[in-house]
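Here the structure is a predicted model, which means the values were calculated and not measured. To find a chain, count down the sequence lines: A is the first, B the second, and so on, and within it residues start at 1.
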2 protein chains.
Amino acid sequence: MPIASIVSDTQRSPTAAETALTRRVDLTTLRLFIAVCDEQNLTRAAQREGIAASAVSKRMNDFELAFGVTLFKRLAKGMALTPAGEALLHHARVTLLNVEKIAVELSEYSQGVRGHVRMLANLSAIVQYLPEDLSAFFAAHELLRVDLQERPSAQVVRGIEEGAAELGICSAETDSRALEAFHYRYDNLVVVMRPDHPLAGREKLLFTETLDFDHIGLHTASSIYLRSQYAATQAGKTMRLRINVPGFDAVCRMVQANMGLGLIPDRAFEVVGAGMGLRAIPLRDDWGRRELKIVVRDAAQLSATSRLMLDYLRTIEADRLGRVGGRAS
Amino acid sequence: MPIASIVSDTQRSPTAAETALTRRVDLTTLRLFIAVCDEQNLTRAAQREGIAASAVSKRMNDFELAFGVTLFKRLAKGMALTPAGEALLHHARVTLLNVEKIAVELSEYSQGVRGHVRMLANLSAIVQYLPEDLSAFFAAHELLRVDLQERPSAQVVRGIEEGAAELGICSAETDSRALEAFHYRYDNLVVVMRPDHPLAGREKLLFTETLDFDHIGLHTASSIYLRSQYAATQAGKTMRLRINVPGFDAVCRMVQANMGLGLIPDRAFEVVGAGMGLRAIPLRDDWGRRELKIVVRDAAQLSATSRLMLDYLRTIEADRLGRVGGRAS
DNA sequence: GGATTGTTAGAATCCTTTCCCAACAATCTT
DNA sequence: AAGATTGTTGGGAAAGGATTCTAACAATCC
C-alpha cells in the first residue's frame, strides 16, 4: 500500500538512539504512570500503588528527563496529560495488558498446564466441531490449554500469517496463500424453516427454490453469506434479505420469529436449533457440501503442543470415517 | 459467542495472585530471555547483551522460581525451550515490540512533534482524499504526526470500537453501531475501460448495462464489491467476474490488460489510472454516489490532537464546497 | 491560615552485577 | 583408552547502583 506508507510511520525500524532509550523504559514506571493518569493526582496514585509520593514524583521526572519530553502539565489541582503523555498512556496500557497475559499464562503452566495452543477459527468450525474435538483432545491431554478466537475465514488466514496464532481453521474456499493447509471436516448446508413453511414438506432443496422466500443473512463477511449471494447471482435471481445477524443461534431465533429462511451448516442446526421446533432441509446444490481446512504457517516449525493438536485434528475425522464407513453428516 | 468462551480464556480477569506475579516481570529479564532463545545458548546471549553469563543464568533461574515454571531444558549443547518457554517467548516478543514503539514515539515528541493521531481508513479514503487532506493539515500543524492504517470499512468500525485508533473513515453504508459518525466526503463510482471497448463512447452508464461484459472485482470485503454484487442481484443478473484484485491500481492494470471492466471511485481513477490511456465513465445509478463518514468513539473525550484532526476533516469539504459552489467530482 | 498539590534532599535499604570457582558433558589429542 | 581441552550452567560473596522512605520545602487554592 504505497500511498498509505507516505503518511504512515509505524513500520520503520528504530534508530540506535531509540533502542538505547528502550532500556530506560521499565514496567513499574509505566504502571505508576498509568496510576497517575487515572487519578490525575500524584499523591493518590502513590497511595493506590502503596508507595511514597516522592518516589513516584522522582520516577516521573526521571522518565521525562530521559526522553526529553514533558508528560504532564503540573497544575495546582493535580496533573494533566500533555499530547505526549496521551501517546504514552495508550502504549503503556497495551504493554501492561500484555505483561498481565504473561503472568496469567505462566501461572497456568505452574499449575500443571503443560502447553498452550493459540487458535483462530471461523464460526462454523467453532459451533459445530471444535467443542467435541477439543474436549476429546483434552481428555487425552489434560495438561494442555487452548486459546481460541472466532474470526471470519479471510481473517483467520491473515492472523496465522501475522503470527497471532499458530493454528487456524477456515473455509476451504478461502485463499490461504503461502500457508500450509490440511483437510479438517466436511460440512453440509441446510435450509432452516418453521414447520408451517410452504417448503417444510420437502426432502431436499435446490437453493434456487428458496429464492422466492425471504432469507435471513449471516454477517456480510461470512463465507456462507458470500457464497449464497454468489449462487443467487449465478442463478440470475435475487436473495430477499430481511436482516443480517451475527451467529447461527440468532439465525434460528429469527426463523422461529417467522422472519424467513435461514441457511446454516447441519451440525450447527443440531447444536443450536435443535429444541426450537424447526425443520432443517438439506441443500442439494454441490456447494451445499463445504470443506473446512486447517492452516498453519509452517508445519515443520510448529511448537510441540501445536503439532500435537494439528496431528490430532487431522486424524480425528479419518478415524471417524473409518469407523462409520463413509462421510457422515 | 458463548460456545467459544467455553474453551477460550483470554478474556478472564486475573486473580490477585496473578496481579502480584505481574510485578515480578521486568523488561530486562524479558530481553535477556529473548536473547537466550535466539541464541539457544546462555553464554552467547550474555555476550550479545553485554552482561556476565552468570547474571543471565541467575535471572532466568529466579524467573523460573518466581513463576514455578521451567522455561528451558538445560542440555549439554545449550538451552532448549519448553512449552512454557515458547508461550513466554511469544508474549515477550510483542511486549518488547510495544516498548520499542514507546521509545520511538516519545523520541519523536522530544524532537518537536507535538501530537500523534492514530487513524484507520478504507482504501477509497486513503487513495482519494487523505493524501491531500493530510498534507494540507500538516501544513497548518507541522508538529503533528499521523499513524494511518488501511482496513475494510467494517474493520475500521471494529478497530475504533476496540480503541486501536481514535479516528476512522469508512463507507457511510457500514453499520457504525454505537460510534459517533460525521460526514466526510462524497464519492462517485466510474466504470473504467479501454478506449476500444464497446461502451467507451457513452457519456453515462447504468450498472446493469455493464453486466453483459466481464468485470474485475476488488477484494471481497470491500464495500464497492459488496455493493455491486448486491446491485447485480437486485437486477436479477449475474456479474461476470474474471478476477479479484486488492487495489485500485491493480484494477486499472487489469483493465489495461483487457481483462474486463473495472468499477472504482472517480478520484481514485484520476490518481491511479490517469496516465494509463483508459476511459472512465460515470455511473448513473443512485448508489454510484457514495458517502464516506468519519467515526469516533466519543467526540467529547477525544485527545486534543485527534480533536483538531476531526474538526479539520469535517470542515475541509464544507470550505471546498463553499468555494466551488456545489458538490464537485 | 490551613489544606491541598508536587518537589527536593539525604540516609537506609534493597537489588543487581560482577568475579571467581565448581561441576558437568562433549570433543579432541596423545 | 586415558587425559586434556573447550564450552556449558550454577552458586556464593563483595562492590556498586538504584530505589525507596522520611522529612522538610515551595506553590497554589479555599
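Here the P atom of nucleotide C/dT18 and the CD atom of B/Gln47 are 13 Å apart, to the nearest Å. Separating the CZ atom of A/Arg23 from the C1' atom of C/dT16 is a distance of 15 Å, rounded to the nearest angstrom. When the C1' atom of D/dT19 is taken as reference, atom CG of A/Leu27 falls 16 Å away, rounded to whole Å. Going from atom CD of B/Glu49 over to atom P of C/dT17 covers 11 Å, rounded to whole Å. The distance between atom CG of B/Asp62 and atom C1' of C/dC15, rounded to the nearest whole Å, is 11 Å.
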Donor-acceptor list for residues 79-86 of chain B side chains, cut-off 3.5 Å, not counting sequence neighbours:
residue, atom, partner, partner atom, Å
B/Thr82, OG1, B/Thr70, O, 2.7
B/Thr82, OG1, B/Leu71, O, 3.1
B/Thr82, OG1, B/Ala84, N, 3.4
B/Thr82, OG1, B/Gly85, N, 3.2

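Residue B/Asn61 places no side-chain N or O under 4.0 Å from the OP1 or OP2 atom of D/dT9. Between B/Asn41 and D/dG7 there is no side-chain N or O to OP1 or OP2 distance below 4.0 Å. Put simply, A/Arg74 has no side-chain N or O that comes within less than 4.0 Å of OP1 or OP2 on C/dT5.
Applying the side-chain contact (heavy atoms from CB on, under 4.5 Å) rule to B/Ala53 yields the partners B/Leu42, B/Ala46; only residues at least two apart in sequence or on another chain are considered. A search for salt bridge (charged side-chain N to carboxylate O under 4.0 Å, His left out) contacts involving A/Asp38 returns A/Arg48, A/Arg93, not counting sequence neighbours. Scored by the side-chain hydrogen bond (donor to acceptor under 3.5 Å, both in side chains) test, A/Asp26 finds A/Thr28, A/Thr29, A/Arg59 as partners (sequence neighbours excluded). Take A/Glu180 and apply the side-chain contact (heavy atoms from CB on, under 4.5 Å) test, not counting sequence neighbours, and it matches A/Phe182, A/Val296, A/Asp298, A/Ala299. A search for ring pair (Phe, Tyr, Trp, His ring centres under 6.0 Å) contacts involving A/Phe137 returns A/His141, A/Tyr312, not counting sequence neighbours. When the side-chain hydrogen bond (donor to acceptor under 3.5 Å, both in side chains) test is applied to B/Lys73, no partner is found at least two apart in sequence or on another chain. For A/Ala87, the side-chain contact (heavy atoms from CB on, under 4.5 Å) test picks out B/Glu105, B/Tyr109, with sequence neighbours left out. With sequence neighbours left out, the side-chain contact (heavy atoms from CB on, under 4.5 Å) criterion links B/Asn98 to A/His91, A/Val94, A/Thr95, A/Asn98.
Within residues 81-91 of chain A, no residue has any heavy atom under 4.0 Å from DNA chain D. Interface residues of residues 63-73 of chain A facing DNA chain C, ordered by number: none; criterion, heavy-atom separation under 4.0 Å.
Ion pairing of B/Arg297 with B/Glu161 is absent here, as no side-chain N (NZ or NE/NH1/NH2) approaches a carboxylate O to less than 4.0 Å.
Under the 3.5 Å distance criterion, the side-chain polar atoms of B/Thr174 are left unmatched by any main-chain donor or acceptor of B/Cys170.
A/Thr43 comes within contact range of the sugar-phosphate backbone alone, with a heavy-atom separation under 4.0 Å but no base atom that close.
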Task: Contact state string [nucleotides 20-30 of chain D, B base, S sugar-phosphate only, - no protein heavy atom under 4.0 Å] - done: BBBB----SS-
